[in-house]
Protein chains: 2
Amino acid sequence: MSVGHTGITTPEPLPEPLLSCDDDCGIRDVLDRLGDKWSVLVVVELGAGMRRFKELQRAVDGISQRMLTLTVRRLERDGLVTRTVHATVPPQVEYELTDLGRSLTLLVKGLADWSLAHRARIEAARREWDTKADMPS
Amino acid sequence: MSVGHTGITTPEPLPEPLLSCDDDCGIRDVLDRLGDKWSVLVVVELGAGMRRFKELQRAVDGISQRMLTLTVRRLERDGLVTRTVHATVPPQVEYELTDLGRSLTLLVKGLADWSLAHRARIEAARREWDTKADMPS
DNA sequence: CGGTATCCGAATTGATACTG
DNA sequence: CAGTATCAATTCGGATACCG
C-alpha cells in the first residue's frame with residue numbers, strides 16, 4: 001500500500017493513465033493531470049502569483065484542506081508547482097508555479113475566455129434542450 | 001426524479017455547477033462541461049468530422065455504450081454537438097460538432113500540443129519526485 | 001443500430017478529528 | 001499554519017440485459 005517515504009500514506013495512490021494512445025494522443029494526458037475537480041482552479045490562482053496554503057484555500061472557495069493538499073502535491077510531483085517551506089513559527093509554506101506551470105496558464109486562460117465568451121450561448125442551448133425535453137406534447 | 005419527457009429517466013441528472021464565481025470566473029464552467037472522462041475525447045474525434053454512434057465508440061477506445069450516450073447527450077444539450085437521426089433500417093444516427101463545438105477544438109488542440117511538448121519533462125519531474133519520496137535516507 | 005434500465009463495485013470527495 | 005488519518009457519503013463507471 002506504499003507506506004513510508006515522506007510520511008504520506010497516499011490513500012489515493014496518484015493513479016496512472018488508463019487509456020492507450022490512439023488518435024487522442026496527448027489529450028488523455030492533460031486530462032489525467034488537470035481533469036480533476038480542483039487542479040485547474042489552483043493553477044489559475046497560482047497564475048496570479050505565489051500563494052500560501054491558507055491563501056490558496058480561501059481563494060479556491062469550496063476546496064477542503066484535504067483536497068488542496070492532494071492537489072498541490074500532485075501538481076508538485078508533475079513539476080508544475082514548487083513548494084517552499086519556511087521554518088518559521090507558525091510554519092509557512094509557499095506555492096508557486098514553475099515555468100512549466102506558467103506555460104499552462106496561457107492555455108487555461110484560453111479556456112476561461114472561451115467559456116466567458118460562449119457561456120450565454122451554452123446556457124441558451126441548454127434551456128432550449130430542457131424545454132424540448134419537458135413538454136413532448 | 002425528473003421522469004417523463006423524451007423517455008429518458010436520467011439516472012445522472014446532468015448536475016449543475018456547484019462553485020460560485022470568484023476569481024475563477026469561467027473556468028469552472030469549462031471544467032464542468034469537459035472535465036469528465038470522455039467529453040474532450042469525443043469532441044476531438046468529432047473534430048475530424050461527422051461520426052455515427054458506433055464509429056465514435058470504436059474511435060474513443062474504451063468508452064462504454066452507456067458513457068458514450070451520456071456524453072453525446074450532454075454535448076448536445078450544451079449546443080456543442082448536433083444529433084441527426086436518419087429513419088433508415090437499421091437506424092442511423094450521426095453526430096457532428098456545431099460551430100460552437102468547433103471553436104472548442106482549437107483550444108483542445110492547444111492542450112494536446114502542450115501535453116506532447118512537455119510530456120517528457122513532466123514524466124521526468126515525476127520520476128524525480130518519486131525517487132526522492134522512496135528513499136528518505 | 002442505437003439506445004435505455006438496473007445493479008453494483010470502484011473511485012472521488014467531504015467532514016471531522018488530530019498532530020508537529 | 002499546514003498538514004495527516006480515518007471514515008462516511010456521494011458519484012462515477014462498467015457489465016449486463018433488454019427494447020424500438
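So you know, we letter chains A, B, ... as the sequences are listed, proteins then strands, and number each from 1. In this text, all values refer to a predicted model and were calculated from it rather than measured experimentally.
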Quiz prompt | Distance below 4.0 Å between B:R52 side-chain N/O and C:dC1 OP1 or OP2 | solution =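 It does not, given that no N or O in the side chain of B:R52 lies less than 4.0 Å from OP1 or OP2 of C:dC1.
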Quiz item: Can a side chain N or O of B:Y95 be found less than 4.0 Å away from OP1 or OP2 on C:dC1?
Solution: no
Separation of [X] atom [atom1] from [N] atom [atom2], in whole Å?
X: A:R83; N: D:dC1; atom1: CZ; atom2: C1'; result: 12 Å
X: B:L70; N: C:dT4; atom1: CG; atom2: C1'; result: 10 Å
X: B:L68; N: C:dG3; atom1: CG; atom2: C1'; result: 10 Å
X: A:R74; N: C:dA11; atom1: CZ; atom2: C1'; result: 13 Å
X: B:D61; N: D:dG13; atom1: CG; atom2: P; result: 16 Å
X: B:R58; N: C:dG2; atom1: CZ; atom2: C1'; result: 13 Å
X: B:E55; N: C:dG2; atom1: CD; atom2: P; result: 8 Å
X: B:E94; N: C:dG2; atom1: CD; atom2: C1'; result: 13 Å

Quiz prompt | Geometric cation-pi criterion B:R28 and A:W38, 6.0 Å radius, 45° cone | solution =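 Judged by the rule (NZ or CZ under 6.0 Å from the ring centre, within 45° of its axis), B:R28 counts as positioned above A:W38.
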Quiz item: When rounded to the nearest 0.5 angstrom, what distance separates CG in B:L111 from NZ in B:K109?
Solution: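 Rounded to the nearest 0.5 Å, the CG-NZ separation comes to 11.0 Å.
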Quiz item: If you find the nucleotide of DNA chain C closest to A:D36 and the one closest to B:F53, which residue's nucleotide is nearer the 5' end?
Solution: B:F53
Practice problem: Locate the shortest heavy-atom distance separating A:V40 from A:L34; write the atom from each residue and the value. | Solution: CG2-O, 3.5 Å
Under 3.5 Å, N/O pairs linking protein and nucleotides 14-20 of chain D:
from	atom 1	to	atom 2	distance (Å)
D:dG14	OP1	B:K37	NZ	3.3
D:dG14	N7	B:R66	NE	3.3
D:dG14	O6	B:R66	NE	3.1

Practice problem: Begin with the C-alpha distance, continue with both residues' side-chain angles, and end with the deciding distance and a verdict on side-chain contact (heavy atoms from CB on, under 4.5 Å) for B:D29 and A:W114. | Solution: CA-CA 10 Å; B:D29 261 25; A:W114 182 90; over 6 Å; no
Quiz item: Do you know which of B:H86, B:R51, B:R52 makes side-chain hydrogen bond (donor to acceptor under 3.5 Å, both in side chains) with B:E94?
Solution: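 It is B:H86; the other options fail the test.
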Quiz item: Does one hydrophobic cluster hold both B:L56 and B:V85, with members joined at side-chain heavy-atom distances below 4.5 Å?
Solution: yes
Quiz item: With distance as the sole test, does B:S115 use its side chain to make a donor-acceptor pair with the main-chain N or O of A:I27 at under 3.5 Å?
Solution: no
